[in-house]
**Student:** 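Below you will find the structure I want to go over with you.
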Number of protein chains: 2
Amino acid sequence: MRTRPLKVALLGCGVVGSEVARIMTTHADDLAARIGAPVELAGVAVRRPSKVREGIDPGLITTDATALVKRGDIDVVIEVIGGIEPARSLITAAFEHGASVVSANKALLAEDGATLYAAAEEHGKDLYFEAAVAGAIPLIRPLRESLAGDKVNRVLGIVNGTTNFILDKMDSSGAGYSEALDEATALGYAEADPTADVEGFDAAAKAAILAGIAFHTRVRLDDVYREGLTEVTASDIASARRMGCTVKLLAICERASDGKSVTARVHPAMIPLSHPLASVREAYNAVFVEAEAAGQLMFYGPGAGGSPTASAVLGDLVAVCRNKLAESTGPGESAYTQLPVSPMGDVVTRYHISLDVADKPGVLAQVATVFAEHGVSIDTVRQQGRQDGSGEASLVVVTHRAPDAALSGTVEALRKLDTVRGVASIMRVEGE
Amino acid sequence: MRTRPLKVALLGCGVVGSEVARIMTTHADDLAARIGAPVELAGVAVRRPSKVREGIDPGLITTDATALVKRGDIDVVIEVIGGIEPARSLITAAFEHGASVVSANKALLAEDGATLYAAAEEHGKDLYFEAAVAGAIPLIRPLRESLAGDKVNRVLGIVNGTTNFILDKMDSSGAGYSEALDEATALGYAEADPTADVEGFDAAAKAAILAGIAFHTRVRLDDVYREGLTEVTASDIASARRMGCTVKLLAICERASDGKSVTARVHPAMIPLSHPLASVREAYNAVFVEAEAAGQLMFYGPGAGGSPTASAVLGDLVAVCRNKLAESTGPGESAYTQLPVSPMGDVVTRYHISLDVADKPGVLAQVATVFAEHGVSIDTVRQQGRQDGSGEASLVVVTHRAPDAALSGTVEALRKLDTVRGVASIMRVEGE
């Protein structure tokens with residue numbers, strides 16, 4: 001074994017960074033044996049240097065992250081600060097100054113992964129980011145490497161623990177969205193500002209990363225259709241139950257059936273209770289991958305948290321260090337297919353639509369005609385009088401598979417019918 | 001991209017080999033793009049050269065596998081013939097003559113992986129074998145690489161599709177073992193001679209491979225405790241149901257709580273219906289991995305079959321070819337912990353024991369005394385008179401966690417009691 005240690009700079013020492021530093025210390029011998037050389041924490045860049053950080057030599061702490069990545073003697077930079085800047089500048093500076101990079105930064109990779117990949121390639125360095133998607137669950141490496149000889153057609157998963165916790169609470173307790181969010185916040189599953197999670201931005205960034213790797217093309221955050229779960233009501237969940245379904249916030253990346261384009265989207269969807277994703281509870285993540293030869297694979301585990309994310313970071317650290325010793329690099333960007341990303345209107349799926357309609361004869365015929373005119377075939381209809389004297393009824397329509405654009409056109413036309421008082425909810429149905 | 005192709009020799013052209021050859025042809029452009037060079041099938045060694053093999057140039061077919069691996073111009077040998085010999089000699093010859101090896105041979109890796117690893121290392125070549133365990137499910141790479149920065153404490157899984165199919169049938173239809181085996185055979189899930197599957201040899205080989213990689217130590221097939229499912233009865237399955245459990249044939253690899261030894265075993269076990277492995281149906285495989293930082297991960301998918309296994313082989317082919325072009329190698333054997341493998345008697349788990357006893361007062365007290373004398377603590381007891389005039393009752397005891405040796409001692413002593421007419425079944429209880 002080489003005795004001269006590999007030097008690691010850690011950018012960020014919050015929940016994930018402090019756990020990375022801790023494990024690097026407590027498991028130093030194991031890491032050295034697996035890498036073939038010891039690894040040494042050579043510097044830790046933080047915002048608040050005065051904070052006490054147990055187990056970390058205070059002499060390693062600096063607020064000057066830029067100077068740290070430019071030192072020139074750093075072998076690997078671990079970036080766990082998140083966000084676009086200064087992370088992007090620090091990562092590119094790291095490559096320029098001879099370091100490989102392990103990052104957990106989903107937002108940056110989804111926003112501008114191409115720049116990072118290009119900088120890594122230009123300088124012959126590694127860019128690894130298993131921790132960016134689904135925490136400890138090995139997903140990037142299986143997609144980039146294990147399935148490198150296969151053709152992935154679909155990735156479908158729960159990639160945000162906060163929203164899964166909220167939906168699971170709504171489903172199990174009948175709580176409304178606000179109440180479930182409050183519980184998630186109280187238990188530390190949701191941040192004080194939950195926007196990135198509940199509006200689907202976090203999941204969309206992960207969908208962009210997964211789609212890019214799965215389909216060997218470039219997919220950016222802007223290419224991902226996104227709907228959060230703030231509009232999901234207790235009534236939607238109850239409706240799903242009546243259909244033998246539950247509601248999950250899904251990230252879905254698909255290759256078009258003609259193979260000439262791909263789509264990536266994040267939105268709440270009903271899935272059958274018999275689907276393995278339906279039983280993913282609390283803040284867990286799970287991702288289905290459908291490949292031509294492999295068939296359906298599922299990967300399940302904790303999608304966030306300091307320790308699980310640190311596990312993924314350290315797995316990448318070992319790989320990058322091994323590569324360094326072998327004077328090689330792992331797989332870089334694979335975007336050779338250059339498949340275009342189609343808009344949401346081209347996505348083909350099923351829909352569950354709840355309408356408030358006038359409770360009188362002929363309404364169903366009118367509604368059915370609108371669906372037919374837009375080429376959307378109806379699977380089932382459930383009609384129910386309100387018996388509250390309002391003269392209204394509710395009509396629940398579940399369609400066969402149809403393009404999203406056709407469904408949008410249908411809904412627009414339905415809204416213009418005198419007999420349709422309102423469109424209570426529209427939800428996609430997946431996983432069949 | 002390099003234009004000179006990498007040359008691949010295929011040993012074996014059965015269900016898996018023919019699918020590997022087919023995909024290498026139909027997806028040649030994708031493989032070339034992902035590797036960075038074209039790959040060319042340079043020879044196919046078979047036993048029956050006269051068999052028509054669609055899509056394979058007859059000029060590539062040979063019966064002389066030894067000459068093929070010794071040609072000297074082969075970059076990668078894919079071994080899908082299985083068994084110990086001639087596979088071992090062919091693989092070592094391949095390394096000696098400059099080729100890296102991708103193998104799906106679980107029996108050989110479990111029997112004598114050390115020899116193969118050593119030969120690969122001596123000649124600076126790669127030995128990859130994702131396909132040897134759980135077909136298309138990425139498991140070897142996640143354990144060897146993704147979790148390389150973590151400490152794996154437990155691997156628990158369903159790694160044999162045939163036996164899972166049989167147990168699933170017994171559970172869902174109430175069928176006995178023979179009837180379920182017949183159905184598995186008729187549907188092609190079981191081979192004409194099902195011994196390797198139903199006696200647990202196949203699962204034990206996989207357990208040896210998984211334990212070795214997970215714990216960074218050397219575990220051989222002989223180190224794995226093994227019980228098949230031929231003794232599992234419809235009555236065991238019914239008993240499991242009454243406890244809210246189902247029966248699965250599990251491969252279980254554990255690090256001892258003091259960290260100083262490991263165990264590996266394969267046997268039928270009851271697991272709670274709420275455990276994710278309980279819902280693994282038909283011939284699917286699923287493996288739980290528990291690691292210190294990552295927590296509980298699960299990997300699920302088709303565990304066998306031509307296409308899924310070919311997917312795993314081709315993923316390895318891409319990795320090995322990339323390494324070849326980078327003039328590096330992937331991770332080799334990691335056995336630095338040199339942990340001893342403890343015997344089955346040291347394993348600590350729970351037990352479900354069915355006894356036929358005399359239906360008279362005091363029997364339960366006698367039985368309970370025997371458990372207490374052996375230090376096995378009882379969790380629950382269910383006593384039921386037969387009401388068939390036999391004067392017998394059945395007594396079902398579920399224990400707390402106890403060493404397997406203590407349980408064996410208990411059972412031996414129970415058999416000596418006059419009031420115990422027979423020990424109807426003993427089954428371990430896992431997954432809690």
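Just the heavy atoms: all of them, side chains too, but no hydrogens, waters or symmetry mates, feed the values below. In what follows, every chain begins at residue 1, and chains take the letters A, B, ... in the order their sequences are listed.
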**Student:** Which region of L31(B), side chain (C-beta onward) or backbone (N, CA, C, O), has a non-hydrogen atom less than 4.5 Å from a non-hydrogen atom of chain A, or is it both or neither?
**Tutor:** side chain

**Student:** Quick one: side chain to side chain donor-acceptor pair (under 3.5 Å) partners of R22(A), sequence neighbours excluded?
**Tutor:** E19(A)

**Student:** Only pairs of heavy atoms separated by less than 4.5 Å count here; which of G306(A), P276(A), G301(A), P308(A) has the most with chain B?
**Tutor:** P308(A)

**Student:** Let me confirm one number: the CG-OH distance from N164(B) to Y189(B), rounded to the nearest 0.5 Å.
**Tutor:** 11.0 Å

**Student:** Taking every non-hydrogen pair under 4.5 Å, which of P331(A), A291(A), S334(A) racks up the most with chain B?
**Tutor:**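 Of P331(A), A291(A), S334(A), P331(A) has the most heavy-atom pairs under 4.5 Å with chain B.
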
**Student:** With a 4.5 angstrom heavy-atom cut-off, could you sort out which part of S279(A) is near chain B: side chain, backbone, both or neither?
**Tutor:**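 Neither the backbone nor the side chain of S279(A) comes within 4.5 Å of chain B.
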
**Student:** Quick check on Y336(B) against chain A: is it the side chain, the backbone, both or neither that has a heavy atom closer than 4.5 Å?
**Tutor:** side chain

**Student:** Under 4.5 Å, heavy atom to heavy atom: which of residues 144-154 of chain A reach chain B? Give them by number, or say none.
**Tutor:** R144(A), E145(A), S146(A), L147(A), A148(A), G149(A), D150(A), K151(A)

**Student:** Calculate, to the nearest 0.5 Å, the distance between atoms CG and CE belonging to L314(A) and M24(A) respectively.
**Tutor:**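 These two atoms lie 7.5 Å from each other.
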
**Student:** Can you name the nearest heavy-atom pair linking L41(B) to A21(B), along with the distance?
**Tutor:**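 Looking at all heavy atoms of both residues, the shortest contact is CD2-CB, 3.9 Å.
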
**Student:** Donor-acceptor pairs under 3.5 Å, side chain of residues 281-288 of chain B to any protein atom, not counting sequence neighbours: which ones?
**Tutor:**
{"from": "R281(B)", "atom 1": "NE", "to": "D168(B)", "atom 2": "OD1", "distance (Å)": "2.7"}
{"from": "R281(B)", "atom 1": "NE", "to": "D168(B)", "atom 2": "OD2", "distance (Å)": "3.3"}
{"from": "R281(B)", "atom 1": "NH2", "to": "D168(B)", "atom 2": "OD1", "distance (Å)": "3.2"}

**Student:** Can you name the closest pair of heavy atoms from R255(A) and V262(A) and give their distance?
**Tutor:** CA-CG1, 4.2 Å

**Student:** Side chains of H216(A) and T337(A): do they bring a donor and an acceptor to under 3.5 Å?
**Tutor:** no

**Student:** Please check: side-chain N/O of T217(B) versus main-chain N/O of L339(B), any donor-acceptor pairing under 3.5 Å?
**Tutor:** yes

**Student:** Just so I understand: if I count every heavy-atom pair under 4.5 Å between each of A312(B), G36(B), G305(B), P138(B) and chain A, which residue has the most?
**Tutor:**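 Heavy-atom pairs under 4.5 Å are most numerous for P138(B).
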
**Student:** Working to the nearest 0.5 angstrom, can you tell me the gap between D30(B) CG and I23(B) CD1?
**Tutor:** 11.5 Å

**Student:** If we ignore hydrogens and angles and just use 3.5 Å, is the side chain of K7(A) paired with the main-chain N or O of E40(A) as donor and acceptor?
**Tutor:**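 Checking the backbone N and O of E40(A) against the side chain of K7(A), no donor-acceptor pair under 3.5 Å is found.
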
**Student:** If you count heavy-atom pairs within less than 4.5 Å of chain B, which of P302(A), G295(A), P142(A) leads?
**Tutor:** P302(A)

**Student:** Can you name the nearest heavy-atom pair linking A294(B) to L297(B), along with the distance?
**Tutor:** CB-CD1, 4.2 Å

**Student:** Measuring only between side-chain heavy atoms, which start at C-beta, is V76(A) closer than 4.5 Å to C321(A)?
**Tutor:**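 Side chain of V76(A) against side chain of C321(A), heavy atoms only: contact under 4.5 Å found.
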
**Student:** Please rank Q296(A), R34(A), E327(A), R322(A) by heavy-atom pairs under 4.5 Å with chain B and give me the top one.
**Tutor:**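 Option with the greatest count: R34(A).
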
**Student:** Mind ranking A293(B), G315(B), S307(B) by heavy-atom pairs under 4.5 Å with chain A and telling me who comes out on top?
**Tutor:** A293(B)

**Student:** Which heavy atom of T246(B) sits nearest a heavy atom of A278(B), and at what distance?
**Tutor:** CG2-CB, 3.8 Å

**Student:** Write down the atom of D75(B), the atom of P5(B), and the distance for their closest heavy-atom approach.
**Tutor:** OD2-O, 4.4 Å

**Student:** Are there residues of residues 120-137 of chain B that reach to under 4.5 Å of chain A by heavy atoms, and which ones?
**Tutor:** E130(B), A136(B), I137(B)

